[in-house]
Enquirer: 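Next up is a structure, given as structure tokens.
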Amino acid sequence: MKIFDTLSVAEKELDTSDRVRIYLCGVTVYDDSHIGHARTIIVFDTLRRFLEFQGIKVKFIQNFTDVDDKIINRAVLENVSADAISSRYIANYFVEFDHLNVKRAGMYPKATEHVDDMIGLIKTLIEKKFAYVSSNGVYFSVSKFPEYGKLSKKKTDELVSGARVEVDETKKDPLDFALWKFANEEPKWQSPWGSGRPGWHIECSAMSLKYLGADFEIHGGGRDLIFPHHENEIAQSVSYSDKNFAKIWMHVGMVTINGEKMSKSLGNTKSVDFVLKKWGANIIRLFCLSGHYSKPIDYAEDMLKETITKWRQVENCYYELILSGNEQANPEDMKEIERIANETKKEFFDALNSDFNTSLATGAFFRLVKATNQLAASERLVSSITGIVLPILEQMLDILGLKISRVAEEEKKKINDLIDKRNMFRNQKKFQDADAIRKEISDMGIVLIDHKKKVLWMKQEKIGVEG
RNA sequence: GGUGAGGUGGCAGAGCGGCUAUGCGUUCGCCUGCAAAGCGAAUCUAUAGGGGUUCGAAUCCCUUCCUCACCUCCA
């Protein structure tokens with residue numbers, strides 16, 4: 001498959017011959033995760049599912065940044081330890097992202113548990129004269145790394161004149177960034193240069209090199225991490241190992257809110273907890289995959305509502321399939337649906353193989369749904385057609401990480417009994433009684449589908465915004 | 001100011017030299033005891049403006065205008 005690489009500004013073939021090693025920059029655990037985090041993580045989760053579906057081995061690592069000034073500030077504010085803050089938000093993370101149906105990464109390394117690795121890295125960087133000790137900490141000397149700026153396409157002289165760089169007289173060059181910051185308050189660690197805390201960028205270098213080695217396949221994150229985070233990671237890692245760091249840099253576009261950047265200061269962030277309660281996992285996932293991953297996506301209520309409509313069609317399709325009868329299929333229908341199923345499946349995979357175009361892929365998915373619903377609408381959906389469509393539909397659902405609401409066996413029995421009862425009333429033209437039963441069924445989250453010859457039902461996911 | 005990505009029908013969103021996806025929306029139908037869900041038909045022939053290149057451009061080149069992001073922490 002091809003993936004657009006930010007560094008070479010071109011699509012590159014992903015090497016899947018052995019295994020695919022992916023390092024995704026995770027969250028800093030100082031506050032609730034929001035829809036922006038969710039998008040990036042859902043994109044990578046879906047990528048991982050897609051690769052694994054094809055039998056490709058994926059080693060997927062996603063870190064937690066659990067040492068950071070923002071965590072410490074929050075801890076001070078709440079008068080608890082930094083560890084209490086990070087533990088809380090890590091716990092929340094797993095609850096929320098499990099709900100989003102995000103598969104657990106192979107590993108979630110924490111910065112605090114890899115300080116020794118970082119110190120080792122810094123040591124080598126000092127030995128190789130890429131880093132130096134100042135009175136405030138250890139700094140990476142950007143001028144020693146001529147390729148600095150190659151990822152973010154920035155020129156070092158322009159960066160200096162930009163004058164937005166950190167002011168610190170103890171640095172040799174304003175562009176130099178901290179590998180280690182001296183500190184006397186907790187949390188702090190001992191180092192050969194004095195007690196303190198690691199810089200942000202060094203943690204990802206240390207953990208990715210430790211678990212994935214140099215020259216791994218994909219390094220990912222949000223677009224906003226390109227500079228300075230990923231630029232600095234490259235500088236450190238390449239200087240340290242003399243090897244290429246990552247083969248492909250894959251960056252996910254930002255989520256905006258009604259066209260505006262989402263930010264704490266604007267007060268327009270949407271937490272994962274909030275959007276889960278409002279829309280549910282399926283809608284959020286479909287929304288996050290609705291456009292190309294590299295482009296920005298706008299969180300607008302109308303768009304999300306549209307997604308509900310589409311999801312209802314998928315639910316309908318699924319239940320029509322599994323509840324289809326054993327009548328004889330029309331051979332022409334069989335031929336036609338087989339054609340469409342194979343065609344949409346091919347489109348689905350081709351789209352994902354082409355720079356992970358989920359927009360096109362979901363389009364193919366919905367076309368298969370539509371074709372199935374067409375057959376169902378004209379009473380021509382029978383079990384032999386299910387045999388063709390359902391396996392493909394389930395593959396797509398699985399790759400997209402979507403989950404149809406199911407019902408327990410005893411509930412099915414109850415539903416069927418109620419349907420029989422309603423049919424009896426309907427035959428007797430006791431429509432009020434029939435409608436009362438329909439209401440009872442609907443209260444169970446079940447919607448009846450009245451076909452000419454039979455009555456089917458579907459379980460509808462309860463979506464918060466619909467009350 | 002620098003860098004990058006873009007500007008496509010009412011909206012979302014593909015296509016990236018010829019065959020003008022797809023979805024949502026809207027309207028009217030079908031189905032139904034009535035609904036719901038679903039389906040059908042109609043609607044919409046779009047490619048920021050101006051120049052080029054070409055037999056032919058949304059797609060390539062130049063130019064103008066506009067939008068967004070990053071350039072400080074950020075997924």
Side-chain angles (χ1 to χ4, degrees), chain A residues 6 9 24-28 30-31 33-44 62 65 68-70 149 152-155 157-159 161-167 200 220-229 231 251-256 259-265 269 287 290-292 294-298 300 302-303 305-310 312-313 315-317 319-320 347 351 354 357-367 369-370 372-379 381 425-427 429-432 434-435 438-439 441-442 447-452 456-458 460:
Chain A
T6 309
V9 204
L24 176 63
C25 284
V27 294
T28 302
Y30 75 103
D31 203 350
S33 303
H34 55 64
I35 180 77
H37 300 118
R39 155 122 107 150
T40 301
I41 289 163
I42 286 168
V43 165
F44 275 86
Q62 182 186 325
T65 298
D68 182 272
D69 285 350
K70 286 196 284 292
S152 55
K153 321 296 173 207
K154 293 185 189 311
K155 297 191 172 65
D157 49 334
E158 282 165 1
L159 275 171
S161 58
R164 283 225 233 165
V165 286
E166 197 182 334
V167 181
W200 173 36
R223 290 211 83 83
D224 52 351
L225 294 186
I226 293 174
F227 190 89
H229 187 52
E231 193 69 64
H251 289 106
V252 179
M254 299 290 100
V255 178
T256 57
E260 276 185 315
K261 181 185 159 76
M262 193 168 56
S263 76
K264 290 252 150 74
S265 54
T269 58
F287 168 70
S290 66
H292 189 95
S294 66
K295 291 187 178 175
I297 190 174
D298 190 49
D302 287 351
M303 288 295 106
K305 279 183 190 150
E306 276 185 18
T307 311
I308 297 177
T309 308
K310 295 182 188 176
R312 295 304 185 210
Q313 293 169 354
E315 288 176 326
N316 183 272
C317 173
Y319 279 96
E320 291 276 9
E347 272 183 55
S354 168
N357 193 329
T358 51
S359 177
L360 235 42
T362 51
F365 167 70
F366 285 118
R367 227 166 318 124
V369 167
K370 184 117 187 163
T372 308
N373 286 341
Q374 280 170 345
L375 284 178
S378 56
E379 320 264 340
L381 180 53
F425 284 130
R426 288 170 80 205
N427 288 334
K429 301 213 185 305
K430 292 182 181 167
F431 295 121
Q432 278 197 347
D435 288 352
R438 184 162 67 195
K439 174 78 170 58
I441 294 174
S442 134
V447 172
L448 295 180
I449 308 164
D450 285 347
H451 282 303
K452 258 186 188 147
L456 298 186
W457 53 270
M458 62 191 258
Q460 273 198 346

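Every chain is numbered from 1, with letters handed out A, B, ... down the list of sequences.
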Enquirer: With sugar-phosphate meaning primed atoms plus P, OP1 and OP2, does A:N373 contact a base, only sugar-phosphate, or nothing at under 4.0 Å between heavy atoms?
Expert: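 Sugar-phosphate, no base atom in range.
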Enquirer: Within the 4.0 Å heavy-atom criterion, would you say A:G26 contacts the bases, only the backbone, or no part of the nucleic acid?
Expert: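 The answer is sugar-phosphate, as A:G26 gets under 4.0 Å only of primed atoms, P, OP1 or OP2.
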Enquirer: Could you pick out which residue, A:G222 or A:I449, lies toward the 5' side of RNA chain B when each is mapped onto its nearest nucleotide?
Expert: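 Result of the comparison: A:I449.
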Enquirer: In whole angstrom, give me the gap between the P atoms of B:A5 and B:C60.
Expert: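 Each nucleotide's P atom is 13 Å from the other's.
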Enquirer: Under 4.0 Å, heavy atoms only, any strand: does A:K370 hit a base, just the sugar-phosphate, or nothing?
Expert: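 Touches sugar-phosphate only.
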Enquirer: What's A:H292 touching, base or sugar-phosphate or nothing? Going by heavy atoms closer than 4.0 Å.
Expert: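 Counting heavy atoms under 4.0 Å across all strands, the contact made by A:H292 is with sugar-phosphate only.
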Enquirer: How far, in whole Å, is B:U8 from B:U45 if one measures between their C1' atoms?
Expert: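 Nearest-Å result for B:U45 against B:U8 at atom C1': 12 Å.
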Enquirer: Heavy atoms under 4.0 Å, any strand shown: does A:G36 hit a base, just sugar-phosphate, or nothing?
Expert: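 Counting heavy atoms under 4.0 Å across all strands, the contact made by A:G36 includes a base.
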Enquirer: What contact category does A:Q313 fall into here, base, sugar-phosphate, or nothing, at under 4.0 angstrom with non-hydrogen atoms?
Expert: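 The answer is sugar-phosphate, as A:Q313 gets under 4.0 Å only of primed atoms, P, OP1 or OP2.
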Enquirer: Output the single nucleotide from B:A75, B:A12, B:U32 whose closest atom is nearest the side chain of A:M303.
Expert: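 When the side chain of A:M303 is considered, B:A12 is the closest of B:A75, B:A12, B:U32.
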Enquirer: Counting the atoms with a prime plus P, OP1 and OP2 as sugar-phosphate, which does A:F366 contact under 4.0 Å by heavy atoms, base, sugar-phosphate, or nothing?
Expert: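 Nothing, no nucleic acid heavy atom in range.
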Enquirer: Can you tell which of B:A75, B:C71, B:A35 lies closest to the side chain of A:T40?
Expert: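 The answer is B:A75.
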Enquirer: Going through the distances and angles, do A:M254 and A:M262 end up as a side-chain contact (heavy atoms from CB on, under 4.5 Å)?
Expert: CA-CA 9 Å; A:M254 299 290 100; A:M262 193 168 56; over 6 Å; no
Enquirer: Quick one: which of B:C73, B:G38, B:A36 gets closest to the side chain of A:V447?
Expert: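 Closest nucleotide among those given: B:A36.
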Enquirer: So which one's nearest nucleotide on RNA chain B is more toward 5', A:G363 or A:A377?
Expert: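 So the residue in question is A:G363.
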Enquirer: Touch check for A:R39, heavy atoms < 4.0 angstrom, all strands: base, sugar-phosphate only, or nothing?
Expert: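 Nothing: the residue A:R39, judged by heavy atoms under 4.0 Å, touches no strand.
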Enquirer: Would you measure the distance from the C1' atom in B:G9 across to the matching atom in B:A21 and give it in whole Å?
Expert: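 Going atom to atom, C1' in each nucleotide, I get 13 Å.
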Enquirer: Looking at the side chain of A:Q374, which of B:A14, B:A35, B:G40 is the nearest nucleotide?
Expert: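 Between B:A14, B:A35, B:G40, the one nearest the side chain of A:Q374 would be B:G40.
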Enquirer: With a 4.5 Å heavy-atom cut-off, do A:R426 and A:D450 have their side chains touching?
Expert: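 A:R426 vs A:D450: side chains touch.
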Enquirer: At under 4.0 Å between heavy atoms, what does A:I41 touch on the DNA or RNA strands: base, sugar-phosphate, or nothing?
Expert: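 Nothing, no nucleic acid heavy atom in range.
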Enquirer: Are the charged groups of A:K154 and A:E231 less than 4.0 angstrom apart, N to O?
Expert: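 Answer for the salt bridge query: no.
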Enquirer: From the list B:G38, B:U32, B:C34, which nucleotide is the closest neighbour of the side chain of A:D450?
Expert: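 For the A:D450 side chain, the nearest candidate turns out to be B:C34.
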Enquirer: Counting only side-chain heavy atoms from C-beta out, which of B:A69, B:G2, B:G13 sits nearest to A:K154?
Expert: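 Among the listed nucleotides, the one closest to the side chain of A:K154 is B:G2.
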Enquirer: Could you please name the option among B:G33, B:C39, B:A5 that lies closest to any side-chain atom of A:V9?
Expert: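 Of the options given, the side chain of A:V9 lies nearest B:A5.
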Enquirer: Could you report the tightest heavy-atom contact between A:N373 and A:Q313, atom names first, then the distance?
Expert: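 Distance-wise, the nearest heavy atoms are ND2-O, 3.3 Å.
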Enquirer: Out of B:G40, B:C73, B:G4, which has the shortest distance to the side chain of A:K70?
Expert: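 Between B:G40, B:C73, B:G4, the one nearest the side chain of A:K70 would be B:C73.
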Enquirer: Distance alone, cut at 3.5 Å: any donor-acceptor contact between the side chains of A:T269 and A:H34?
Expert: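 Note: A:T269 and A:H34 side chains miss the donor-acceptor criterion.
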Enquirer: Does A:K429 reach a base, just sugar-phosphate, or nothing at all? Heavy atoms under 4.0 Å.
Expert: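 Here A:K429 touches no strand at all.
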Enquirer: Looking only at the side chain of A:E306 (C-beta and beyond, no hydrogens), which of the listed nucleotides B:G40, B:A37, B:C11 gets closest?
Expert: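 Selected nucleotide: B:C11.
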Enquirer: Return the nearest nucleotide to the side chain of A:K295; candidates are B:C39, B:A14, B:U32.
Expert: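 So the nucleotide nearest the side chain must be B:A14.
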